[in-house]
Amino acid sequence: MPEMETVVGLEVHVELITGTKLFCGCSTAFGADPNTNVCPVCLGLPGGTLPVLNKRAAEFTIKAAQALNCKISEMLTFDRKNYFYADLPKGYQISQFFYPMGTNGDVEINIDGETKRIGIQQIHLEEDTGKLLHIGTIISSPSSRVDFNRAGVPLIEIVTKPDIRSAEEARLFLQRLRSILRYLEISDCKMEEGSMRCDANISIRVKGGDNLGDKTELKNMNSFRSVYKGIEFEVARQKQVIKEGGMVAPETRHWDESKGITKAMRSKFVSADYRCFPDPNLPPLDITKEWLETIKAELPELPAARFKRFLLEYQLPVYDAEVLTNSKELSDFYEVTLTYFNDPKTVSNWVMGELLRLLNAASLEIEKCNIRPEALAKLLKMIDKNTISGKIAKTVFEEMFESGEDPEVIVKQRGLVQISDENALEDIIFQVLENNPKSVEDYHKGKKKAMGHLVGQVMKETKGKANPQKVNEILKNKLDN
Amino acid sequence: MELYELTACQAANALAKKEVTACDLTESIYKRIAAVEDKIKGFITVREKQEALSEAVQVQDSLEKGDKLASLRGIPMTLKDNICTLNLPTTCGSKMLQGYYPPYDAHVTEKLQEAGTILVGKSNMDEFAMGSSTENSSFYPTLNPWNQHYVPGGSSGGSAALVAARETFFALGSDTGGSVRQPASLCGVVGFKPTYGLVSRYGLIAFASSLDQIGTLTRDVRDCAMVLDIIAGHDSRDSTSVPREKENYSRDLEKSSSSFRVGIPRECFGQGVEEDVKKAVKRGIEKCQQIGTVIEEISFPHNEHALPAYYLVATAESSSNLARYDGIQYGFRSKKAENLHDLYRKTREEGFGPEVKRRVMLGTYALSSGYYDAYYLKALKVRTIIRKDFEKIFEDHDFVIMPTSPTVAFAMGEKVDDPLTMYLNDIFTVPANLAGLPAISIPCGFSRGLPVGLQVVGRPFDEKRLLQFSYKLESLLQVKDIKPDIAEVGQTDIS
């Protein structure tokens, strides 16, 4: 069997945080009681339920298209995509079929130390549908309910070119995409809440071939992890089918998270005819150069640029720069901390180490963290000035994380100031040497490890507050002389 | 003379002079409804008399307090049943929406309410405004006040018949391909379709969104201008509503500028147009000449393509606009359905009438992949050509005059099984919709005792001059005071 390669294209839907819906003034808040964020327009009631474009949503989409290096359409137009489903109140979805907002862009990902471009076929703006609620499964449910709160929420759909070659690349792409959209502050991209959704078109072919094989469309992946696992599984399944001499059936498949497998949902032999045509209720708008420039001027520094700047400006290792710049909030936190304590590598170590560890353990986002950059800087200054030891600092940091208390206050209240006074230390060391003749003897016999034990004893006596450097110095001096 | 015989303007003047009260006018209208509605069947819903009267009392109070008033305050009126009203059912003439109460008022409903007019009911119409005879109403056909064996035209046949029968002082209709002008012509009243975008469509149940425009049915041109003063104007809830400064159409109505140039398309006086219709319209044109209007024969080269283009665009849009009637949220729902797809199929099969189904199928076909370019896209191109034809004509003409309808009213049932012949009724009205132009139908004569309408089409947003010209023409024609003679309940019907 010749060597096969994986070909994946993603379709990503992202809800925009515009506050109000795409064509009416209803709230887009997540988690409201069913059918409370609705009005005649988003319910598609008969009679003059006319759409009025939310300009912010259009600007958000243009921003995204610019950030993804797309060519932007000269006209802002909307089309109707006609189909029947119970969660679609008007019997059509307003989308951009003929003139998507952006086309032909790309996103850079870093994989195995190299940069790879994933092409963006198009990005367009459309309205979300409502949501069906079933008791149990859709088949077994005796009846179903419809919640239209989500109907009309602005969505952007981003379609990649079939440039993705592995589950890992797919995961990295999604991460980078989320990072870009969050930098732009146009979406919160929460897969668990459905504000970011991803379908994957997956096929395999002889490596380097030109033709795409028959593909399956994989749905229902609700986290980055399940995107990764779903693609891995599906690729393996397709390889097995081919190995057994079979053909991959073009179909929509469903990722079953609990069983870790994909299941056939429906065949794709008959392609749906959506009878798209321009929506007569929404006259085309010109996307003027001035408008584009105004929006472009508002674009923030994007993750790729920030990553490169972190490497150059702060001389950070690739890994540090990557982790920090992946999140706008985290890198903002990092840079603000630097304005108070300008030691890039130290700050990076603390942010990536202690801070991320505690945030992950508490499943907390950095914006909601008790520790502010100024406080972290204060703590680091205390280490720098030998006021506290690095080890004590970690304890203090944990307490800051819990209570949000100022590090100086914690250190003072709990008497954690480091003992660097030589006289004081000498007294304690003298005491320790007295009490540990065996270790002293071992040391003199050449067991240099005994030194560690003695240092430990000193730290124990001082409840960890002794300046370890000083302790080592004095102890060595005493033992060697 | 009975009060209901007054025009809206005359009634408003009588109110202003305190010769009558708003209650008197309302009482009079209800009396007329009681007397002749059985013969006309122009309403789908008549509002409770007490409700209308209590509103009339309130209006009368504010009138006496001397509020600065809109000119039609206290005048009873009727809305076509595809215009949403919060407190009255809005059925669109369809079983699909029988008993449906919209949770909001249309923009025009709000405006008329603010102006203090008194709603008396909702008028009958072809189902979803699809038809030219009002025979496609799910409920019952409306009869022509001039002869009850004849249709009133459509789809705003109820509104036109009610105005002609003096059961309302004025009414609103909607005009997608002639649905205001054609019934106005067949019922001998004034029907006006404004420029697309002048009147908000918010709250008008959509048939074909790029063509639909709310229009007026009135007893004369002055009433038309007064109603337009109330309903025209920008509304941010309709993205196709055009933001522009509000005009006053009724002021200076009689001050028409000295001479106009009017084009007469020769294509509109050929085959298929009844001789009496040609004669009556030509008589109107001669009257124009008497007052110094320059009349020129012109060519409207693509006229023959207007009707097919119209029926593609309108059906395509309607197939999408009517998709929402799926039995899920509101309106009729089949009780026989077993599952979701069955629910769609049976709800639509039982809820829609044959003409609606025919158009939805035509439109679905026109939009289908593989046919889109050949049908829908081509129709859009024809539309652009028609618009350009008009632009060219309007470079050196102020107005175009042609018949409103090729025939006078036809007999009930005559064309109901022949949709193509029925569609030909719209041949002279659809071009104005395709080009988005303002157009008015004015009674200009009679044929076999049935009214003939003359249509004047103007430049976009040139309503003011169009109405001034129409006002002058109307006074020269001297047919507006001829009214149908309807046998009242209890009277012996001699015909």
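Every chain is numbered from 1 and lettered A, B, ... according to where its sequence line falls, protein lines coming before strand lines.
- Scored by the side chain to side chain contact (heavy atoms under 4.5 Å, CB included) test, Lys161(A) finds Asn104(A), Gln121(A), Asp163(A) as partners (sequence neighbours excluded).
- For a residue to count as touching a neighbouring chain, one of its non-hydrogen atoms must lie under 4.5 Å from one of that chain's; by this rule Tyr371(B) does not touch chain A.
- Neither the backbone nor the side chain of Leu377(B) comes within less than 4.5 Å of any heavy atom of chain A.
- Between chain B and the residues Gly91(A), Pro280(A), Pro283(A), the largest count of heavy-atom pairs under 4.5 Å involves Pro280(A).
- Neither the backbone nor the side chain of Phe128(B) comes within less than 4.5 Å of any heavy atom in chain A.
- With respect to chain B, the highest number of heavy-atom pairs below 4.5 Å among Cys24(A), Pro51(A), Ala86(A), Ser144(A) belongs to Ala86(A).
- Salt-bridge formation is not detected for the pair Lys215(A)/Glu217(A): no Lys NZ or Arg NE/NH1/NH2 atom is positioned less than 4.0 Å from an Asp or Glu carboxylate oxygen.
- Under 4.0 Å is where a charged nitrogen must lie from a carboxylate oxygen, and between Glu59(A) and Arg56(A) no such pair does.
- No cation-pi contact links Lys263(A) to Trp255(A), judged by a cut-off of 6.0 Å to the six-membered ring centre and 45° from its axis.
- In terms of the side chain to side chain contact (heavy atoms under 4.5 Å, CB included) criterion, residue partners of Asn339(B) (sequence neighbours excluded) are, by chain and number, His341(B), Asp342(B).
- Contact check on Glu355(B) versus Arg359(B) returns a salt bridge, with a Lys/Arg side-chain nitrogen under 4.0 Å from an Asp/Glu carboxylate oxygen.
- Heavy atoms closer than 4.5 Å to chain A are found in the side chain of Gln329(B), but not in its backbone.
- Of the atoms belonging to Ser200(B), not a single heavy atom falls under 4.5 Å from chain A.
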